[in-house]
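Written out below as structure tokens is the structure these notes cover.
For the numbers below, each heavy atom of this structure counts, side chains included, while hydrogens, waters and symmetry mates do not. Being a predicted model, the structure only gives us computed values, none of them experimental. Counting starts at 1 for both ligands and their atoms, in listed order. In this chain, residues are counted from 1 in sequence order.
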Amino acid sequence: MTTMKTAQMADNSAKTVGDLVAEDYRAAAVFEKYGIDFCCGGQSPLAVTCQEKGLDPAAIQQEIEAVKSEPLGRAQNYAAWELSFLADYIVNTHHSYLNENTGQIAAYARKIAEVHGAHHPEVVAITTIFDKIAADLTAHLQEEEEVLFPTIKRIDAAKQAGNVPAGKDRETIQSSLEKLHLEHEAIGDAVHRIRHLSNDYAIPEGVCNTFVVTYQKLKEFEDDLHKHVHLENNILFPKAAQN
Ligand SMILES: [Fe+2]
Ligand SMILES: [Fe+2]
């Protein structure tokens with residue numbers, strides 16, 4: 001039975017992990033389950049990623065097919081959204097999350113570094129890395145909100161009106177995308193270093209509530225960032241580059 005299913009299923013193992021998630025966001029849940037990075041490290045073909053992790057690509061694809069057989073609401077089908085709408089969604093959901101939480105997490109991290117730093121030197125290192133992420137993100141979000149996203153919207157509006165987008169706007173997209181991609185990689189690496197230092201956000205014995213909340217918030221921050229960078233790297237940016 002299983003063999004028959006595998007034989008009938010199209011082999012998508014040459015597609016990248018990021019493309020598979022862009023095709024259907026529900027694939028992300030399967031990749032998350034197996035610790036497969038679908039945002040910053042999403043450029044590898046599924047076959048290569050599975051080989052590195054000792055996983056069977058056919059079994060992973062079967063799990064993806066299973067989650068995809070659930071009905072999909074248009075609300076989750078980001079790839080079908082207009083680019084201007086997707087850009088607004090990213091700002092209203094993920095940039096808002098960062099604006100509301102980054103400063104608070106940084107303050108919590110500084111507090112636990114002061115109180116627990118002697119026994120848990122990793123929290124001192126985590127605080128330094130997080131402060132750098134917070135500073136880098138401020139400039140990154142500003143570039144997206146003030147330069148890239150308005151340019152994407154102008155190009156979108158020009159195309160909808162049947163006009164040719166301005167050449168200057170196309171140049172802006174190319175230069176901005178390259179820079180923002182590199183920043184995603186650097187921020188993603190820094191977040192992974194925090195995950196590693198915190199031993200996957202495992203809470204040590206005998207620490208205060210602020211410590212617990214900080215680790216929970218750091219995990220939430222990473223989860224939100226993965227979704228955010230996925231929408232930009234795998235859907236918004238490639239579509240904007242095609243304009
Ligand atoms: Fe963003
Ligand atoms: Fe970004």
May I ask you to decide if the ring planes of Tyr215 and Phe211 are parallel, tilted or perpendicular, using 30° and 60° as cut-offs? tilted
I'd like to know if the side chain of Asn101 and the backbone of Tyr97 have a donor-acceptor N/O pair within less than 3.5 Å. yes
Going by atom types only, do [X] and [Y] share a side-chain donor-acceptor pair under 3.5 Å?
| X | Y | result |
| --- | --- | --- |
| Ser84 | Asp156 | yes |
| Asp19 | Thr16 | yes |
| Ser198 | Glu122 | no |

Among all residues two or more places apart in sequence or in another chain, which pass the ring-ring contact (aromatic ring centres under 6.0 Å, His included) test with His140? His184
For a distance under 2.8 Å, give residue and atom name for each protein N, O or S atom next to the Fe ion (ligand 2). His140 NE2, Glu144 OE2, His184 NE2, Glu232 OE1
Taking both backbone and side chain into account, is any N, O or S atom of His95 nearer than 2.8 Å to the Fe ion (ligand 1)? yes
